[in-house]
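As the structure is a computational prediction, the values presented were derived from the model and not from experiment. When a ligand or atom number is given, it counts from 1 through the structure's own listing order.
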Amino acid sequence: MSDTVYLNGDYLPLADARISVMDRGFLFGDGVYEVIPVYNGRLFRFEDHIRRLNNSLRAIRLELEKSPDQWRGIFQPMLDGDKDQYIYLQITRGCAPRRDHGFPEHVVPTVFAMCNDIKPFAGRLTGIKAVTLDDTRWQMCHVKATALLAHLLLRQEALDRDCAEAILVRHGYVTEGAASNLFAVIDDELITPPNSHEILPGITRDVILELAQANGIACREDIIALEALQNASEVWVTSSTREIVPVVELDGQTVGAGTPGPLFHRMDQLLQAYKQSQA
Ligand code: PDD
């Protein structure tokens, strides 16, 4: 991890970065964030991440106008061209003199960014176990909000059951993972739930949909009933930091042959080639 972080206009060592206990991010989780991969020193799908950031800011009524180039200028000094990294960017509504639920006037948002190494996730190649759990989150899951307590409880419940991810279920159909989007191969077709307020519009998800379309892989966005997921020949979860991760065991039952499936291998190759082409 780069020791230098960005906080409100300054670059400083992580150990010296300080915010007030009155920051609304600390008191209320009143903020949004982004996680942007960096390959070979180049920010991956950067404009898409900034567009999603702006949508999140708008959704929580936080006004902060910066162009993609201004953000790029902020991140650039923290990047190391030789490593796979990701930028973590967090923006909170800032500090108010009093703790009050209503939005304060004339506050300056807190802007924090750091750059971490992407650690290869072992489960990406071996596959992982996952468990389905009730989606206990709120009605604005399309917003990348820092208030992640429901996600954390769900992920921890999965870990406690020796699983790497929780797959979330609302009204009998699956939405996404605790920190990932979801794909299933059903009757040789790749299916992912449609974007809505029930899921985060994942950037990795978009890339996979584009790659499927460009390479003649049958693919559609549709709701997936829990029962259909349990009978899928492949299940994947996807995110910027872990890429495509095959689920080989779901609720204690083997998925497909119990190993990463053929479409996973194909899509993973396509994704690696696409990353190279962008880096
Ligand atoms: N999370 N859904 C949720 C709830 C997520 O938290 C994430 C990613 C995704 C995948 O989105 P993307 O492909 O844009 O990374 C879907 C990040 C990595 C995190 O919170 O660290």
Side-chain angles (χ1 to χ4, degrees), residues 1 25 29 31-39 43-56 59 71 84-91 112-121 123-124 128 130 132-159 164-170 174-184 192-212 221 224 235-247 267-268 270-272 274-275 278:
M1 189 176 109
V32 296
Y33 74 108
E34 267 301 324
V35 174
I36 310 170
V38 185
Y39 303 119
L43 293 144
F44 183 71
R45 300 283 288 215
F46 183 58
E47 308 259 330
D48 292 350
H49 280 278
I50 297 304
R51 197 172 308 120
R52 185 172 67 184
L53 172 71
N54 288 333
N55 289 339
S56 296
W71 284 120
D84 284 354
Q85 300 176 300
Y86 67 90
I87 291 286
Y88 174 83
L89 169 66
Q90 169 165 340
I91 301 164
F112 170 66
M114 64 181 170
C115 189
N116 292 346
D117 294 349
I118 294 182
K119 290 205 190 88
F121 176 62
R124 190 171 79 77
I128 60 162
T132 56
L133 296 175
D134 257 359
D135 194 341
T136 50
R137 301 172 305 159
W138 67 337
Q139 301 286 328
M140 290 174 66
C141 293
H142 58 294
V143 178
K144 206 161 169 60
T146 55
L148 285 174
L149 197 46
H151 301 71
L152 307 187
L153 287 166
L154 290 160
R155 171 62 72 81
Q156 191 57 45
E157 175 79 30
L159 294 173
E165 183 59 306
I167 292 176
L168 309 180
V169 183
R170 226 182 255 252
V174 287
T175 52
E176 60 177 344
S180 54
N181 289 117
L182 179 75
F183 284 83
T192 192
N195 278 336
S196 74
H197 64 279
E198 292 182 343
I199 70 168
L200 185 80
I203 308 297
T204 319
R205 175 187 177 281
D206 283 350
V207 173
I208 291 168
L209 286 173
E210 284 172 25
L211 289 173
E221 297 172 81
I224 304 173
V235 175
W236 317 334
V237 288
T238 67
S239 68
S240 291
T241 42
R242 293 183 172 180
E243 303 180 356
I244 311 172
V245 178
V247 174
M267 187 56 81
D268 189 52
L270 291 171
L271 179 63
Q272 298 313 318
Y274 178 75
K275 276 168 52 187
Q278 301 292 300

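Neither side chain, Asp84 nor Tyr39, offers a donor N or O lying under 3.5 Å from an acceptor on the other.
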List ligand 1's nitrogen or oxygen atoms that come under 3.5 Å of a protein nitrogen or oxygen, with the partner atom and distance.
from	atom 1	to	atom 2	distance (Å)
ligand 1	1 (N)	Lys144	NZ	3.2
ligand 1	2 (N)	Glu176	OE1	2.7
ligand 1	13 (O)	Ile203	N	3.4
ligand 1	13 (O)	Thr204	N	3.0
ligand 1	13 (O)	Thr204	OG1	2.5
ligand 1	14 (O)	Arg52	NH1	2.8
ligand 1	14 (O)	Arg52	NH2	3.1
ligand 1	14 (O)	Ile203	N	2.9
ligand 1	15 (O)	Ser240	N	2.8
ligand 1	15 (O)	Ser240	OG	2.7
ligand 1	20 (O)	Tyr33	OH	2.6

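Inter-residue side-chain proximity for Phe121 and Thr241 is flagged as unmet; no heavy-atom pair is nearer than 4.5 Å. Proximity of Thr204 to Asn181: side-chain heavy atoms (C-beta onward) are nowhere separated by under 4.5 Å.
Side chain of Arg170 to main chain of Thr175: no donor-acceptor pair is present (N/O by atom type, distance under 3.5 Å, no hydrogens or angles).
The line from CD of Glu176 to CD of Glu165 is 9.0 Å long, rounded to the nearest 0.5 Å.
Residues satisfying the ring pair (Phe, Tyr, Trp, His ring centres under 6.0 Å) test with Tyr274, not counting sequence neighbours, are Phe44.
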